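Predicted model, so just to flag it, every value in this text is computed and none were measured.
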Amino acid sequence: MEDTKKTPAELVADLMLDPGFVLVPQDRYEELIRAETERDVLEATIKGENSYNVERVLDAIQQARSALYRMKMLVLRNADESEDTADAE
């Protein structure tokens, strides 16, 4: 009996043959999902589908973005510090 299992490289190659296949880095994918969610919330607010006003929603979005930015910067700084410590040893 013939072994028909494909290697990971063959599986990826098969995926890439799909005309709708797009390879996106995880960070960029998360950013796109966040942006789409923000857009949907803002659109619903503008259309008056809920009781929030646009300025309040925009403020919340900006606060969330700045908190996310600060968190990413903290992670990057900690990663740099740990690399510096590892190099010193």
Asks: Hey, any chance Met16 and Leu11 share a hydrophobic cluster, counting ILVMFWY side chains that come within less than 4.5 Å of each other, even indirectly?
Replies: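 Not linked; separate clusters.
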Asks: Taking Val22 as the starting point, is it possible to reach Leu32 by hopping between hydrophobic residues whose side chains are less than 4.5 Å apart?
Replies: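 As far as the 4.5 Å side-chain criterion goes, Val22 and Leu32 are not connected within one cluster.
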Asks: Measuring from atom CG of Leu58 to atom CZ of Arg65, what distance do you get when rounded to the nearest 0.5 angstrom?
Replies: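 Here the rounded value is 9.0 Å.
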Asks: Once side-chain hydrogen bond (donor to acceptor under 3.5 Å, both in side chains) is applied, what residue pairs with a partner in residues 15-28 remain, sequence neighbours excluded?
Replies: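 For residues 15-28, and leaving out neighbouring residues, the side-chain hydrogen bond (donor to acceptor under 3.5 Å, both in side chains) pairs sorted by first residue read Gln26-Glu30, Arg28-Glu31.
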Asks: Using side-chain contact (heavy atoms from CB on, under 4.5 Å) as the criterion, list what pairs up with Ile33, not counting sequence neighbours.
Replies: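 So Ile33 forms a side-chain contact (heavy atoms from CB on, under 4.5 Å) with Tyr29, Glu36, Thr37.
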Asks: Could you list the residues that satisfy side-chain contact (heavy atoms from CB on, under 4.5 Å) with Ser66, not counting sequence neighbours?
Replies: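 side-chain contact (heavy atoms from CB on, under 4.5 Å) list for Ser66, sorted by chain: Arg70.
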Asks: Arg34: which residues meet the salt bridge (charged side-chain N to carboxylate O under 4.0 Å, His left out) condition with it, sequence neighbours left out?
Replies: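 Arg34 satisfies salt bridge (charged side-chain N to carboxylate O under 4.0 Å, His left out) with Glu38 only.
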Asks: Apart from Leu17 itself, what residues make up its hydrophobic cluster when side-chain heavy atoms of I, L, V, M, F, W and Y under 4.5 Å apart count as a link, directly or indirectly?
Replies: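 ILVMFWY cluster around Leu17 holds nothing else.
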Asks: By side-chain hydrogen bond (donor to acceptor under 3.5 Å, both in side chains), which residues pair with Asp14, not counting sequence neighbours?
Replies: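 Listed in chain order: Lys6.
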